[in-house]
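Comments concern the structure below.
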Amino acid sequence: MSLPRLRLIPSALALAAVALLAAGCTTTPASPAPTSTGGADATAPSQPKEPSGDDIEAAWLAGGASIGIVTWGSSSRDCQPAQADVKADGQTLEVTLTDRADGRKPCTADFGPRAIAFPVPSGVDVTQDVEVNVTYGKLKADADLDGLPAAPADPGMGQPSAGWFDDQGILLMTYGSSSCPPVVQDVTMADAGATVTFATVDRVCTMDLAPRVTVIQLPQEPKGDRAFTLTLSGDHLDGEVPVIG
């Protein structure tokens, strides 16, 4: 911090000014924010890491048949990346993302997680660790996926699925109109799961049936390593979905 120049003044006033200036530039280190060790009965929610535009995360979806990628930036649909190309070299995936071809609207100035998904290429063993290298314009980043205990059956077209991308983050894949993705209204925690309530929005939707990937951010880390289930409510998405990964 650069300090303003002080003109010379009589010595008594100068000493007072210097004392006030020193007091103004002295700070006491802030106490760290309280964090939770997980669990619905924690006294305070844990503090997730602050992401940057250079971060990416990955999650298993569709029982291991698909992978979701999380990037950070504007939430405007036209300003979110689209999958362009995926290549597999053993257990390493090279994923190239590009902007949407129809993205011509101005981007909102918010900063949050956005997600897309793609099928796992043939030959990749989902029971083994997978490295995902992502290129998106000038961004080059990577994420690691731990191998699944087994290769679960794909729940099938139209069936929702969910996977962890960090300790408090879940990707949820649902199917419906590509122009009307689900809008999360509320997330409440329980011991072995969370209830996600979706808003009912009056809007005009296209008639296609496509996968939509929604980022679910939990208010705190789950307790222990027990199985975790999302209970979906609202916007025709009622049901229960186990979270894998």
Side-chain angles (χ1 to χ4, degrees), residues 35-51 57-63 66-80 108 110-117 152 155-245:
T35 58
S36 167
T37 56
D41 57 351
T43 57
S46 57
Q47 303 298 315
K49 70 176 184 179
E50 291 294 333
E57 302 288 351
W60 293 112
L61 291 170
S66 295
I67 291 174
I69 296 293
V70 180
T71 61
W72 275 263
S74 171
S75 64
S76 299
R77 180 181 179 275
D78 289 339
C79 304
Q80 299 183 21
T108 55
D110 60 333
F111 183 79
R114 307 88 52 87
I116 62 171
M157 182 70 172
Q159 298 301 311
S161 61
W164 294 102
F165 70 86
D166 68 20
D167 291 340
Q168 288 178 239
I170 297 171
L171 292 188
L172 172 68
M173 178 187 284
T174 58
Y175 290 83
S177 171
S178 61
S179 65
C180 295
V183 177
V184 177
Q185 178 175 292
D186 186 46
V187 180
T188 56
M189 292 284 291
D191 284 340
T195 297
V196 183
T197 303
F198 296 95
T200 299
V201 183
D202 185 12
R203 51 189 171 172
V204 178
C205 302
T206 56
M207 296 297 292
D208 60 333
L209 181 67
R212 297 92 51 90
V213 186
T214 304
V215 178
I216 308 296
Q217 295 182 298
L218 302 179
Q220 61 193 44
E221 292 183 25
K223 186 176 181 179
D225 296 326
R226 68 183 67 181
F228 199 83
T229 300
L230 292 181
T231 300
L232 311 183
S233 176
D235 199 25
H236 308 290
L237 293 173
D238 302 87
E240 293 188 345
V241 184
V243 184
I244 66 172

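No hydrogens, no waters, no symmetry mates; every other heavy atom, side chains included, goes into these values. Keep in mind the model is a prediction, meaning the values are calculated, not measured.
For the side-chain contact (heavy atoms from CB on, under 4.5 Å) test, residues two or more places apart in sequence or in another chain that qualify with Thr206 are Ser177, Ser178, Ser179, Asp208. For Thr197, there are no side chain to side chain donor-acceptor pair (under 3.5 Å) partners, not counting sequence neighbours. Thr71 is linked by a side-chain contact (heavy atoms from CB on, under 4.5 Å) to Ile56, Ile69, Pro81, Leu97, Arg114, counting only residues two or more places apart in sequence or in another chain. Applying the side chain to side chain donor-acceptor pair (under 3.5 Å) rule to Thr188 yields no partners; only residues at least two apart in sequence or on another chain are considered. Residues meeting the side-chain contact (heavy atoms from CB on, under 4.5 Å) test with Val201, sequence neighbours left out: Val183, Ala199, Arg203.
Applying the disulfide (SG to SG under 2.5 Å) test to pairs two or more places apart or on separate chains, none has a residue in residues 207-245. Residue pairs that meet the disulfide (SG to SG under 2.5 Å) test with at least one member in residues 216-245, sequence neighbours left out, do not exist here. Residue pairs that meet the disulfide (SG to SG under 2.5 Å) test with at least one member in residues 211-245, sequence neighbours left out, do not exist here. Here disulfide (SG to SG under 2.5 Å) pairs that include residues 186-245, with residues two or more places apart or in two chains, are Cys180-Cys205. Here ring-ring contact (aromatic ring centres under 6.0 Å, His included) pairs that include residues 176-218, with residues two or more places apart or in two chains, number zero.
No side-chain heavy atom of Val196 sits under 4.5 Å from any side-chain heavy atom of Leu172.
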Would you sort out whether Glu57 and Trp164 count as a side chain to side chain contact (heavy atoms under 4.5 Å, CB included), showing the intermediate values? CA-CA 10 Å; Glu57 302 288 351; Trp164 294 102; over 6 Å; no
| For Ile116 and Gln80, what are the C-alpha separation, side-chain angles and deciding distance, and is it a side chain to side chain contact (heavy atoms under 4.5 Å, CB included)? | CA-CA 9 Å; Ile116 62 171; Gln80 299 183 21; 5.7 Å; no
message: With side chain to side chain contact (heavy atoms under 4.5 Å, CB included) as the criterion, how do Val215 and Leu171 come out once you've worked through the C-alpha distance, each side chain's angles and the decisive distance to 0.1 Å?
response: CA-CA 5 Å; Val215 178; Leu171 292 188; 3.8 Å; yes
Pair Thr108-Ser75, side chain to side chain contact (heavy atoms under 4.5 Å, CB included): steps then yes or no:
CA-CA 7 Å; Thr108 55; Ser75 64; 3.8 Å; yes
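Residues Pro113 and Val70 approach most closely at CB-CG1, 3.8 Å, considering heavy atoms. Between Arg212 and Pro182, the closest heavy-atom pair is NH2-CG, 3.6 Å. Shortest non-hydrogen contact noted between Ala192 and Arg226 is CB-CD, 3.8 Å.
Taking CD1 of Ile170 as the reference point, atom CD1 of Ile244 lies at 11.5 Å (rounded to 0.5 Å). Atoms CE and CD, on Met173 and Gln159 in that order, are 12.5 Å from each other to the nearest 0.5 Å.
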Quick one: side chains of residues 228-239, donor-acceptor pairs under 3.5 Å with protein atoms, not counting sequence neighbours, listed by atom name and distance.
| unit_1 | atom_1 | unit_2 | atom_2 | d |
| --- | --- | --- | --- | --- |
| Asp238 | OD2 | Gly234 | N | 3.3 |

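Distance alone, capped at 3.5 Å, places no donor-acceptor pair between the Gln168 side chain and the Gln217 backbone.
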